[in-house]
Number of protein chains: 2
Amino acid sequence: MRAFPPDLPEDVVPEGTKGRILRAALVAFAERGFHGTSIRTIADVAGINSATLYSHFAAKEQILEALVTIGVRELLARLEEALVGTSTGLERLDAIMRATVLGHARYPLLSVVSNSEFHVLSDEIAAPALVPVAEGARLLRAALAQGTAEGSFNISDPTITARTLEGMAQRIPHWINPGTDDPNHLADEYVLLARRLVGAPAP
Amino acid sequence: MRAFPPDLPEDVVPEGTKGRILRAALVAFAERGFHGTSIRTIADVAGINSATLYSHFAAKEQILEALVTIGVRELLARLEEALVGTSTGLERLDAIMRATVLGHARYPLLSVVSNSEFHVLSDEIAAPALVPVAEGARLLRAALAQGTAEGSFNISDPTITARTLEGMAQRIPHWINPGTDDPNHLADEYVLLARRLVGAPAP
DNA sequence: GTCTATAGCGGGATAGAC
DNA sequence: GTCTATCCCGCTATAGAC
């Protein structure tokens, strides 16, 4: 997780100083957490004075809000795109797992910040960011229910199974090495593990 | 995770003020994190003046060190006790999963602090606390290797499988409700999921 | 061991010149 | 938009009386 490039989805990151602030905060929040990071550190890494930061964000918390929003939207967008053209529950589970793994592998710092620092946000700020998260969880539960109805899955406890599937991919950013780990191989492995968890045949 | 009793293993928690400090810090660190918690908050919850805290701990970091040490030792002790009398790889995997789930369910706050705030500790202080963690990971890998050698398991990627098994139980404290969730039922479910992950027959 | 009081520093955020 | 300078507050930790 250290020394990762401060990658953010290019199409939604502002140009110029604001983008540099976001990338600097991304690295710092992922390494030290929100409360462990000072605005002076963010400003230094972004190459600006700490006062300049407030021309782009009204408060430190709003930097985190921007990052979390980008992160949860990116993952949901990947999920929805991956589900296009699927029909069976098994196909949808495969698509969800693959998209989730690839998302976490592509933006590991963003995934860490989105998941680990979420609770720092005030309730009012966190609520809108929770919407894509809830929608992603709903898509997973729907796939599990569909596969079960179709007779493809054999699930003892749907809630625990869903939570386990969600948690599996979230751990990837904590150990992945972008230089040596192949995201597509990881995705294959996680699709296999997911099928096993739900009692479906191997891919 | 909110409103959990500040439970710590009784046999290793100091009596009196020092124990109250540890219990207060346990709740605060679990809810807000180390950097999000002030000395004064800990002291208030413990019912003492903030200065008194320094008669028991030399620094804020040493409170966290004490909690993390208790947490990782508790989990390893449970693992080792659970492995007594086991012989096959399958029996050992079952024992490891059950003990881990029961440990996280019994001391959810301690598990959260041990896992989530570990990285805050300086390298010198973290190193000793990492020893029981590494030993626990070694016991799991050994069980996987043994079960594979015995023909009981069918594992595609041992590293990913081990990481997944470790991560599964770690998420329990984030959603468990001690009033309604039965730890033994949870343990049964996780043993089932673990067997599926490694390609072993259902329990 | 526990307190009152405070040192000393770094935090988030703002004012105002350019 | 960016800077210098600074406010003000809360933080960790300490000094010293009891």
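Remember, predicted model here, so these are calculated numbers, not experimental data. What's counted below: heavy atoms across the whole structure, side chains too, no hydrogens, waters or symmetry copies.
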I want to verify a distance call: between D/dG1, D/dT4, D/dT12, whose nearest atom is closest to the A/His56 side chain?
D/dG1
Tell me: CZ of A/Phe57 to C1' of D/dT2, nearest whole Å?
16 Å
Take atom NZ of A/Lys18 and atom C1' of D/dT2, then tell me their distance rounded to the nearest Å.
16 Å
Between A/Ser50 and A/Arg40: side-chain donor-acceptor atoms closer than 3.5 Å:
no
Using a distance-only test with no angle check, is there a side-chain donor-acceptor pair under 3.5 angstrom linking B/Ser156 and A/Glu189?
yes
Select base, sugar-phosphate, or nothing to describe what B/Ile39 touches, counting heavy atoms under 4.0 Å on all strands.
sugar-phosphate
What is the distance, to the nearest angstrom, from the CD atom on B/Glu61 to the C1' atom on D/dA13?
14 Å
Has the side chain of A/Lys60 got a donor or acceptor atom that lies under 3.5 Å from a matching backbone atom of A/Thr37?
yes
Here the distance between atom P of D/dC11 and atom CZ of B/Arg32, to the nearest Å, is 11 Å
Kindly indicate, with the supporting measurements, whether the criterion side chain to side chain donor-acceptor pair (under 3.5 Å) is fulfilled by B/Ser87 and B/Glu91.
CA-CA 7 Å; B/Ser87 52; B/Glu91 285 172 354; 3.1 Å; yes
If you compare every side-chain N and O of B/Thr17 against the phosphate oxygens of C/dT2 (OP1, OP2), does one of them come in below 4.0 Å?
yes
Do A/Ser38 and A/Thr41 get their side chains close enough for a donor-acceptor pair, meaning under 3.5 Å?
yes
Touch check for B/Thr37, heavy atoms < 4.0 angstrom, all strands: base, sugar-phosphate only, or nothing?
sugar-phosphate
Given D/dG1, is OP1 or OP2 found less than 4.0 Å from the side-chain N or O atoms of A/Thr52?
no
Output the rounded distance in Å from CZ (A/Arg20) to C1' (D/dT2).
11 Å
Within this structure, what is the CG-to-C1' distance between B/Leu53 and C/dC3, rounded to whole angstrom?
13 Å
Classify A/Ser55 by what it touches in the nucleic acid, base, sugar-phosphate, or nothing, heavy-atom distance under 4.0 Å.
base
For B/Lys60 and C/dC9, give me the distance from atom NZ to atom P, rounded to whole Å.
19 Å
Proximity to the side chain of B/Tyr54 - top-ranked nucleotide from D/dT2, D/dT14, D/dC3
D/dT14
What nucleic acid atoms does B/Ile48 come within less than 4.0 Å of, heavy atoms only: base, sugar-phosphate, or nothing?
sugar-phosphate
Quick one: which of D/dT14, C/dA13, D/dT12 gets closest to the side chain of B/Ser38?
D/dT12
Quick one: which of D/dT2, D/dT12, C/dG1 gets closest to the side chain of B/Arg40?
D/dT12
For the side chain of A/Asn49, starting at C-beta, report the closest nucleotide among D/dT4, C/dT4, C/dG11.
D/dT4
